[in-house]
There are 2 protein chains.
Amino acid sequence: MGTGKEIIMTELPNKSEVLKLGNQLCFPLYACAKEVIKIYRKPLEKIGLTYTQYIVMMVLWKFGNMSEKKLGEKIYLDSGTLTPVLKKLEKSGFVKRQRVAEDERFVKIILTDNGVKLKQKALTVPQALEGNIYLSYDEMTKLYDLLNKALEGINKRRKVNDESNDN
Amino acid sequence: MGTGKEIIMTELPNKSEVLKLGNQLCFPLYACAKEVIKIYRKPLEKIGLTYTQYIVMMVLWKFGNMSEKKLGEKIYLDSGTLTPVLKKLEKSGFVKRQRVAEDERFVKIILTDNGVKLKQKALTVPQALEGNIYLSYDEMTKLYDLLNKALEGINKRRKVNDESNDN
DNA sequence: TATTATTAAATTGTGTACAACTTATTTTTT
DNA sequence: AAAAAATAAGTTGTACACAATTTAATAATA
């Protein structure tokens, strides 16, 4: 919590130690995520996006149009959060929301021309990180891998058929 | 986003590469923090806390009573978020909020007897992580260190006189 | 085929999270 | 000491985040 950064182990950790460390991990994870989002806020505001909207747009730019359901699986958000976010993106003119004819339960999220164009403008957003990241490239890579491994673990039971069936 | 986990570098990364990786880092950080908080939700509910309230209580248990200001610095929250959280903790009977006589601007947050007792009950909370963490102890340590280093970097300009002057 | 179960979105209610602003109190300047 | 600046909480408004429920459509089954 805040300080007490050094952890030194000379013996094999038992289950209790592991859980304790896991618990200690929660705070910097929570705080770090929050602070990074804060860094992004201003540059994103300039191009008319919130952080969550930015995440949505990044997925659409990378993987193309998809259903709200699929989108939610990719970014770990349920319809309770996603529906209002998508409605705002629609109001901003970056996406269209369209019921799927073959199965009216699904809503397909479609990038508009403006939504596609926004990708270029968004290229400048990561510059906000400059002067705020004090990790080396190797450290960033390591952090990236560890976070993804942790995420994978959390989703062991959550079957996300990742690339397949593009609803 | 979601996949594309492998990053392989054979040459020295330029600034653009670093920013790009930094940007890629944002999503797993955001998603991982969210998922971990989700894991904690149920066990915390049993002892009558939300995640943010748990963070507050952990700081108070570890460092003792302190002003709202000090608390906010430690957990990266401003009064806009913290004041309502603390009012709820007060209503739940875990803390008292008391103006400081010497400087009426400050509010001191004080653990009640029930607030102190809650620490014992909270010991079972980390067990929620069992079966959800798929990182080795070494990996967790590494992740912990990297997150704290990143946090330190973000706060280079944010002077938190961490342990000192206990307001 | 009629009934039941499942599913994707949408809705509702609670709880953060934060920028911008207000209020009350203390410090600093003049 | 009076005026101005600074500071800690509190307030307001917007935007998630999520559990629980509802609605509408499709699939499964008796």
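In what follows, chains are A, B, ... by sequence order, proteins preceding strands, each numbered from 1.
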ask   = Roughly how many Å is it from NZ in B/K42 to C1' in D/dA19, rounded to a whole number?
value = 9 Å

task = Consider the side chain of B/R105, meaning its heavy atoms from C-beta on, and name the nucleotide among C/dA9, C/dT26, D/dC18 that approaches it most closely.
result = C/dT26

query = Which listed nucleotide (D/dA19, C/dA19, D/dC16) is nearest to the side chain of B/D78?
reply = C/dA19

query = Is the cationic atom of B/K34 (NZ for Lys, CZ for Arg) positioned less than 6.0 Å from the six-membered ring centroid of A/Y76 and within 45 degrees of its normal?
reply = no

inquiry  = Below the 4.0 Å mark, does C/dA10 have OP1 or OP2 next to a side-chain nitrogen or oxygen of A/R99?
reply    = yes

inquiry  = Once side-chain contact (heavy atoms from CB on, under 4.5 Å) is applied, do any residues pair with A/L135, and if so which ones, sequence neighbours excluded?
reply    = A/I133, A/E139, A/M140, A/L143, B/K149, B/A150

message = With a 4.0 Å limit, can you tell me whether A/T50 has a side-chain N or O closer than that to the phosphate oxygens OP1/OP2 of D/dC16?
response = yes

query = On DNA chain D, nearest-nucleotide positions of B/P84 versus A/T52: which is more 5'?
reply = B/P84

ask   = Base, sugar-phosphate, or nothing for B/S79, non-hydrogen atoms under 4.0 angstrom?
value = base

Side-chain N or O of B/K88 closer than 4.0 Å to phosphate OP1/OP2 of C/dT14 = no

inquiry  = Whether A/Y30 contacts C/dT16 is assessed here as follows: a side-chain N or O lying under 4.0 Å from the phosphate OP1 or OP2. Is that the case?
reply    = no

remark   = Nearest-nucleotide check on DNA chain C, A/E45 vs B/T81; residue mapping nearer the 5' end is B/T81

task = Round to the nearest Å and state the distance from A/L71 atom CG to C/dA8 atom P.
result = 14 Å

inquiry  = Given 3.5 Å as the limit, does a donor-acceptor pair link the side chain of A/R97 with the main chain of A/K108, or not?
reply    = no

task = Measure from the side-chain N and O atoms of A/N65 to the backbone N and O of A/L111, and report whether any donor-acceptor pair falls under 3.5 Å.
result = yes

message = On the nucleotide D/dA17, are OP1 or OP2 found under 4.0 Å from the side-chain N or O atoms that B/K38 carries?
response = no

inquiry  = Could you tell me how far apart B/L44 (CG) and C/dG15 (C1') are, to the nearest whole angstrom?
reply    = 14 Å

query = Just how far, in rounded Å, is P of D/dC18 from CZ of B/R41?
reply = 6 Å

query = Within this structure, what is the CG-to-C1' distance between A/D103 and C/dT6, rounded to whole angstrom?
reply = 12 Å

message = So, taking the atom named CG in B/D78 and the one named CD in B/E68, what distance separates them when rounded to the nearest 0.5 Å?
response = 9.5 Å

request  = Taking only the side-chain heavy atoms of B/Q53 (C-beta and beyond), determine which of C/dT25, C/dT16, D/dT26 contains the nearest atom.
outcome  = C/dT16

key: Rounded interatomic separation in angstrom, taking CD from A/Q98 and P from C/dA9   = 13 Å

query = Hey, does A/K87 reach any base, or is it just sugar-phosphate, or nothing, if we go heavy atoms under 4.0 Å?
reply = sugar-phosphate

remark   = Of the candidates C/dA17, D/dG10, C/dA9, the side chain of A/K34 sits closest to C/dA17

query = CD1 of A/I55 versus P of D/dC16: gap in Å, rounded?
reply = 12 Å

task = Take the angle between the ring planes of B/Y54 and B/Y40 and call it parallel below 30°, perpendicular above 60°, tilted in between.
result = tilted

ask   = Could you give the CD1-to-P distance, from B/I75 to C/dA17, as a whole number of Å?
value = 9 Å

message = Measuring to OP1 and OP2 of C/dA8, would you say a side-chain N or O of A/R97 lies under 4.0 angstrom away?
response = no

message = On the nucleotide C/dA10, are OP1 or OP2 found under 4.0 Å from the side-chain N or O atoms that A/T83 carries?
response = yes

